[in-house]
Protein chains: 4
Amino acid sequence: MSPRTKAQIDEIREQSREKIIAAALDLFAHNGFHSTSIAQVAAKAGISKGLIYNYFESKEDLLQAIFTEAMKNSEDILTLDPYATAKQRLIGMAEASADFMYNNQEYMRLFLTLMMQPDVVKSMKPWFDTVGKAKKDMLMPMFEEIFPGRAEVEYFFFGAIMDGIGFGYLVLGREYPFEDVKRKFIDYIQNQ
Amino acid sequence: MSPRTKAQIDEIREQSREKIIAAALDLFAHNGFHSTSIAQVAAKAGISKGLIYNYFESKEDLLQAIFTEAMKNSEDILTLDPYATAKQRLIGMAEASADFMYNNQEYMRLFLTLMMQPDVVKSMKPWFDTVGKAKKDMLMPMFEEIFPGRAEVEYFFFGAIMDGIGFGYLVLGREYPFEDVKRKFIDYIQNQ
Amino acid sequence: MSPRTKAQIDEIREQSREKIIAAALDLFAHNGFHSTSIAQVAAKAGISKGLIYNYFESKEDLLQAIFTEAMKNSEDILTLDPYATAKQRLIGMAEASADFMYNNQEYMRLFLTLMMQPDVVKSMKPWFDTVGKAKKDMLMPMFEEIFPGRAEVEYFFFGAIMDGIGFGYLVLGREYPFEDVKRKFIDYIQNQ
Amino acid sequence: MSPRTKAQIDEIREQSREKIIAAALDLFAHNGFHSTSIAQVAAKAGISKGLIYNYFESKEDLLQAIFTEAMKNSEDILTLDPYATAKQRLIGMAEASADFMYNNQEYMRLFLTLMMQPDVVKSMKPWFDTVGKAKKDMLMPMFEEIFPGRAEVEYFFFGAIMDGIGFGYLVLGREYPFEDVKRKFIDYIQNQ
DNA sequence: CATGAATGAGGATTCATTCAT
DNA sequence: AATGAATGAATCCTCATTCAT
C-alpha cells in the first residue's frame, strides 16, 4: 500500500520536525511562549496546524523538544582538553560559550527568558535545575583549582559576566561590540 | 455636593491603585505578562476584575504604569555625588544599582524579561529604548574619564557584570551569594 | 435639617430628570439603546451615574420615560377641529405630524427604530401596540368618510407616505427637501 | 496531500458560511446588532462560537457580509427593460422592489434600522452612502423624464411611499394588507 | 440630593487541541 | 503523512447596577 519506503518516511518526518522546531524557536524566542500560537508556528513552518500534533504531543512538548534539540548542538562546549591547565580550560569554555551564544541567539533568548520566569512554563523547571547543576558541577573544580578558598564567588562572578554579555548582546544586537567585550573577558580571565 | 470629600476619594483610589500595581508586578514578573490573566491580578489584589479597568485602561496600560511607578522609586540611583571622583561615583552607582536590584527583584525580573523579548509587548519598546539611552548617556562620561580610549568596551563589560549579577540573583534567589559577588564587583572596579 | 424647601427640591428634581431624558434621547436615538451606556448618558447630562438611578429604576425605565414624556408634547397632534371636514382634518393632522417629526427628529428616530425591532426592548412592545391601535382608531373614521369602501388601504397608503417622509428626512437630514415633499403630500391629499 | 479535496472543503465552507449568515441576519434584524451576541448566532446556526471566527473576522465583518450577500440577491431589481417607457420602467422597479421587500423582510428590517441609526455601526456608513447614491443615480433620469421640472420632489415622494410601505409591512407583518397597498401604489404611479 | 468606587455577569475574541477525511 | 473544519474553555474588557458616604 505504501509507495514510500520506511527510510523516505523517516526522512520526511525528520524534515518536518526540524521545520517545526525552527519555526517555534524563532517565534517563542521573540514573541514569547504564550504569545505565540500554534497557528503562527504552523504558518511559519509552512504546514498545517494539525500536523504539529503529529510530531509533538502539545505546545509544551514542542518547547521541551526545542531545548532537547539545542542540547545536542551545544555538546562541544562541554568538551574540554584534559591536558590543558584549569585556566586554559576555563578560557576555552568561555570562548566556546560565547560563540555558542553568538550563533544561537534565539535559543539563548528563549533560554534566558524562561530561566528568569520559570513559572511561565512550570514543567520546564526541573530541566533548568538539572542543567544548572550540571554546569556548576563541571565548572566548580576548575574554580577551586584556580581560586582556592574563594571558588564560589569567582564562579558566580564569572557566570555573571558570561550571562551579562549574552544579555547585552541579545538586547542590542549588532550595536553590541560583542567581539571587543569577549576579548576583554578573555583578558580578564587571563589576568587572574 | 459630594458625599465623600475629594481627599477621601483620592486616598481610596491611591490605595486601590497600589494594590493592583503590586499584585500585577508580582504576577507579571513571575508568570509573564501574557500568561497572567486580569482575573489573577484581581484575585491577588483582592478586588473584582472590573475595578482594574477603573484605574487602568487596559492590561498594557497597567504594565506601563508598573514601570512608571518603578521609575519614581529608582530615582536616587541616578543621584551622584558631584564632588566624588569618577571611580567613586561609579562605585556609588554600582552599589545603588545592586541594592535597587536586591530590593526590587520582581521589577527587575519583569524588566529584564521584557528587554530580552521586546516583541512580547511591542508598545513598551520605545520606553526601553529611551531608558537604555538615558543610562548610557549618564554613565559614558565616567567611563571616558576612567578608561580613556577604551571607554565603550569597559562600559559594556561593566554593564554585563551588573546585568549578570542581577540575572544570577533572580534565577537562584537566596542560594545566590549576592553580597559576596557584589563585594567582588566593587573590588574589581576599585582595582581598575 | 433640610436647607431646601420642598418646592426647591421638586424643581431641582424636575431639572435633573429633564437633563437625563434629553441626554438619553439623543444618545439612544443616534447610537441605539444597547450601544449607549448609562455612563455616556450621565456624562452627557453632566451628572453622576448613580444619580440616574435616583430618578429611574433602570435603563429600560428611562427609555419608557422618554416615550411617556414625548407623548405629552405630541398631544396637540391629536387635537382636531371638530367643525372641519374629514379631509381638512386629515390635512391638519398630516401637517401637525410632519411638523412634529421635523421638530422631534431624535424622538422619531428612536421611535421608528424600535418599532422596527420590537425585540430589542421587549418591554416596550405593549406600549407600541397601544399607540398604534390608538392612532388607527383615531384616523380610520376619517378615512371611512373620505374613502368609503376602501378606507383601510387608503389609511395604510397614507400612513406609508407619512412614515416614509419621516424616514427619508431622518436619513438624509438637511439634504432632504422636507418642505417640498410635505407640500406635495398635502396636495396629494387635497386631490383625493 | 489533502485528505479532503478542495471542492469538498469549499462546499463545507459555503454551507457553514450560509448557515451563519442566515442566523445572523435573522437575529440582527429582530434583536438588533448590538443586542445580539455571537453566542446567540452560533446557537441558532447550530455551531460553536469559535467557528464563526473561522469565517468572519469580527461581528462587524459578519454584518458587512450579510449586506454583501443581500446585494447579490437584489441585483435583478436593478435590471430594467430598456425598451419600456420611463413610467413602465418605474412601475417595474416599484414592483420588483416591493417583491424584494416582501421576500427579504429580515434584510429590509436590518437595512432600514441601520439606515436610521448609522452611528450604531459606524463602519457601515460609507456603504450606505454608496448604495443611496447609486439608487438615486439610477432613478433620477426616469423622474426627470416623467416629471420634468419637479423630478426631485417626485423622486423623494416616490421613495417615501416605497420606504413607508416597507416600514408598515415590517411593523405589522401579516396584518398589513401588503398586496392591496402595493396595487394602490402601482395605480398611483400609473395615474401620474 | 449626589457621588463615584466597586461588583460580577455577560460579550467579543483567541487558541490549543481533536478528528473526519 | 497531512489537512483544516470544528470545538469550547479561557481571556480581555464593558457596563448596568448597588451602596457607602
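Letters A, B, ... mirror the listed sequences (proteins, then strands); counts begin at 1.
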| query | Where each residue is assigned the nucleotide of DNA chain F containing its nearest heavy atom, which of D/R13 and C/I38 is assigned the position nearer the 5′ end? | reply | D/R13
| said: Using modelled atom types and a 3.5 Å cut-off, is there a donor and acceptor pairing between side-chain atoms of A/R109 and backbone atoms of B/M116? | reply: yes
| remark: Stems for DNA chain F (at least 3 consecutive Watson-Crick or G-U pairs, under 3.5 Å) come to E:2-21 with F:2-21
| query | Do NZ/NE/NH1/NH2 and the carboxylate oxygens of B/E69 and B/R17 come within less than 4.0 Å? | reply | yes
| message | Do C/F56 and C/Q64 make a side-chain contact, defined as non-hydrogen atoms from C-beta onward lying under 4.5 Å apart? | response | no
| task | Take D/T36 and A/T36, find for each the nucleotide of DNA chain E with the closest heavy atom, and name the residue whose nucleotide sits nearer the 5' end. | result | D/T36
| Rounded distance (nearest 0.5 Å) linking atom CD of D/E14 with atom CD1 of D/I9 | 14.0 Å
| query | Hey, are the side chains of C/Q117 and D/H30 touching, using non-hydrogen atoms and a 4.5 Å cut-off? | reply | no
| note | CZ of A/F33 to CG of A/L114, rounded to nearest 0.5 Å, is 8.5 Å
| Listed in order of residue number, which residues of residues 27-35 of chain A have a non-hydrogen atom at under 4.0 Å from DNA chain F? | none
| query | Hey, is the main chain of C/S37 close enough, under 3.5 Å, to the side chain of C/Q40 for a donor-acceptor pair? | reply | yes
| What integer distance in Å separates D/I12:CD1 from E/dC19:C1'? | 12 Å
| task | Using a 4.5 Å cut-off on heavy atoms from C-beta on, say whether the side chain of B/N73 contacts that of B/Y107. | result | no
| query | Of all the nucleotides listed (F/dA2, E/dA20, E/dA6), which has the minimum atom distance to the side chain of D/R4? | reply | E/dA20
| remark: Under a 4.0 Å heavy-atom cutoff, the residues of residues 42-61 of chain C touching DNA chain F are C/K49, C/Y53, C/S58, C/K59
| task | Please determine if a side-chain N or O atom of B/S16 lies less than 4.0 Å away from the OP1 or OP2 oxygen of E/dA5. | result | no
